[in-house]
Amino acid sequence: MNYPNYQDFYQKALIPIGSSDRASFSRLEPNPSFKTHWLIALQGELAPNSNEFYHWKVTIYPSNSEGSFKWNTTFYSSPLVNSFNKAIEWARTFETYSKNDQLLSTNLQEKIS
């Protein structure tokens with residue numbers, strides 16, 4: 001898969017979309033049938049005026065069971081943070097919500113504050 005303009009992209013394991021999240025997602029997405037999984041990833045971007053330091057964000061994409069997704073259609077993208085460890089912590093939180101079929105029933109912005 002080609003990820004344009006991504007300096008660093010770390011894809012985590014695919015998580016099946018649960019029935020509750022699927023029902024909510026169907027109301028948001030006009031054609032959700034092929035989107036059966038959440039792909040949670042960490043994306044790094046070079047910090048402004050730096051060749052060494054990265055800022056990180058967590059992105060969530062709807063995907064199929066093989067991990068195919070549209071790189072330009074994120075379901076969620078967190079704010080950038082300076083800490084890779086903080087981004088990993090957020091990704092684990094989102095993984096827990098998605099495994100518990102509660103990703104869409106939570107307010108993602110509030111949960112990472």
Side-chain angles (χ1 to χ4, degrees):
M1 177 104 6
N2 184 11
Y3 309 110
N5 301 322
Y6 291 169
Q7 297 294 323
D8 279 295
F9 185 87
Y10 298 101
Q11 175 179 327
K12 300 183 68 66
L14 295 173
I15 300 169
I17 298 175
S19 58
S20 177
D21 281 344
R22 175 165 306 290
S24 297
F25 187 56
S26 294
R27 290 189 290 273
L28 301 172
E29 176 68 29
N31 186 14
S33 58
F34 90 94
K35 298 165 182 160
T36 59
H37 289 71
W38 295 120
L39 183 144
I40 300 174
L42 300 173
Q43 285 182 234
E45 299 177 10
L46 276 173
N49 303 321
S50 176
N51 293 343
E52 300 176 30
F53 299 105
Y54 282 80
H55 290 156
W56 297 93
K57 64 182 173 181
V58 178
T59 51
I60 302 173
Y61 297 91
S63 76
N64 67 11
S65 61
E66 296 173 356
S68 294
F69 66 99
K70 293 181 181 177
W71 63 266
N72 59 348
T73 308
T74 59
F75 171 73
Y76 175 79
S77 184
S78 75
L80 289 168
V81 293
N82 296 333
S83 168
F84 184 75
N85 290 332
K86 183 67 173 173
I88 289 174
E89 182 182 319
W90 285 352
R92 287 182 181 145
T93 298
F94 296 141
E95 286 177 40
T96 300
Y97 288 135
S98 61
K99 286 177 182 177
N100 291 330
D101 196 17
Q102 298 175 336
L103 188 64
L104 289 170
S105 65
T106 61
N107 184 330
L108 296 177
Q109 287 291 355
E110 289 178 10
K111 295 300 179 184
I112 63 170
S113 299

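Side chains included, hydrogens not; waters and symmetry mates left out as well; all remaining heavy atoms used. For reference, positions follow the sequence shown, starting with 1. Predicted model, so just to flag it, every value in this text is computed and none were measured.
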Point-to-point distance, once rounded to the nearest 0.5 Å, from CD of Q43 to OG1 of T74: 8.5 Å
L42 side chain reached by V58 side chain, heavy atoms, under 4.5 Å: yes
Rounded distance (nearest 0.5 Å) linking atom NZ of K12 with atom CD1 of I88: 6.5 Å
Nearest-0.5 Å distance, CD1 of residue I17 to OG1 of residue T36: 6.5 Å
Side-chain heavy-atom pair Y10, W56 within 4.5 angstrom cut-off: yes
Flag side-chain contact, heavy atom, 4.5 Å: Y54 against L46: yes
Side chains of S19 and D101 in contact at under 4.5 Å (non-hydrogen atoms): yes
Rounded distance [0.5 Å steps], CG in D21 versus CG in N100: 10.0 Å
Pairwise side-chain contact, L39 with L14, heavy-atom cut-off 4.5 Å (strictly under): yes
Interatomic spacing from CD1 in I15 to OG in S63 - rounded to 0.5 Å: 10.0 Å
pair R22-L104: side-chain heavy atoms closer than 4.5 Å: no
Donor-acceptor contact below 3.5 Å, side chain S98 vs main chain F94: yes
Value rounded to 0.5 Å, distance of CG in N72 from OH in Y61: 8.5 Å
Ring geometry between F69 and F9 (parallel below 30°, tilted from 30 to 60°, perpendicular above 60°): parallel
Transitive ILVMFWY side-chain link V81 to F53, under 4.5 Å: no
Partner residues of S83 under the side chain to side chain contact (heavy atoms under 4.5 Å, CB included) criterion, sequence neighbours left out: N85, K86
H55: side chain to side chain donor-acceptor pair (under 3.5 Å) partners, not counting sequence neighbours: N82
W38 and F75 aromatic ring geometry - parallel, tilted or perpendicular at 30°/60° bounds: tilted
